[in-house]
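Remarks on the structure that follows.
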Amino acid sequence: MTMNDPDARATGAWIAPLVSTLVTLPLGFLVLLYAGLSPMACDSCNGAEADRFDASFEVAFPVVVTGLLLALGLLITSWALPRRVRHAARRVGFAVAAPVVAVVAGVVFAGLLDVP
């Protein structure tokens, strides 16, 4: 096999998934922690203000969980791709997309939440 062979084993194929794992998992934990603790922002709310917050939280929390599960799926995919040269670009793409999706999930959550 030559170096131009797409079926050749890719050296260093583990680097992008490893870096992505070291970034995505703590980031995902922080986003989930923020989402889980956000109901405390409306502990002193009552009436219409509490109803608006509860309604927005019922939409925003499943969105952030779905986004974090998508980020986890991208991370797992970056590890699961065969370590061949032809998959190198896809592996890096999935590895880069995982933390980006985690950040977007946190931003969308914060945007959907109606904090008083």
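One is the number of the first residue; the rest follow in order along the sequence.
- By the rule that hydrophobic residues join a cluster once side-chain heavy atoms approach within less than 4.5 Å of another member, L22 and I15 end up as members of one cluster.
- Closest of all the heavy-atom pairs between S78 and P17 is O-CG, 3.5 Å.
- L74 is not connected to V64 by any chain of hydrophobic side-chain contacts under 4.5 Å among Ile, Leu, Val, Met, Phe, Trp and Tyr, and they are in different clusters.
- Contact annotation: the side chain of V23 approaches that of P99 to within less than 4.5 Å [non-hydrogen atoms, C-beta and beyond].
- Remark: R91 CZ to R86 CZ distance equals 11.0 Å, nearest 0.5 Å.
- F61 is connected to V115 through a chain of hydrophobic side-chain contacts under 4.5 Å among Ile, Leu, Val, Met, Phe, Trp and Tyr, so both are in one cluster.
- Atom-to-atom distance recorded for L68:CG and L75:CG is 12.0 Å, nearest 0.5 angstrom.
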Any chance you could lay out the side-chain hydrogen bond (donor to acceptor under 3.5 Å, both in side chains) test for R90 and H87, step after step, and finish with the verdict? CA-CA 5 Å; R90 278 186 225 125; H87 297 295; 2.8 Å; yes
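- Summarising the geometry, atom OG1 belonging to T77 is positioned 9.0 Å from atom CG belonging to L70; distances are rounded to the nearest 0.5 Å.
- W14 and V19 end up in the same hydrophobic cluster when Ile, Leu, Val, Met, Phe, Trp and Tyr side chains are linked at under 4.5 Å.
- A chain of hydrophobic side-chain contacts below 4.5 Å, direct or via other Ile, Leu, Val, Met, Phe, Trp or Tyr residues, connects V100 to V63.
- Taking CH2 of W79 as the reference point, atom CG of L18 lies at 5.0 Å (rounded to 0.5 Å).
- The CZ atom of F53 sits 4.5 Å away from atom CG of L113, with the distance rounded to the nearest 0.5 Å.
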Donor-acceptor list for residues 24-51 side chains, cut-off 3.5 Å, not counting sequence neighbours:
unit_1 : atom_1 : unit_2 : atom_2 : d
T24    : OG1    : S20    : O      : 2.7
T24    : OG1    : S20    : OG     : 3.4
S38    : OG     : A35    : O      : 2.8

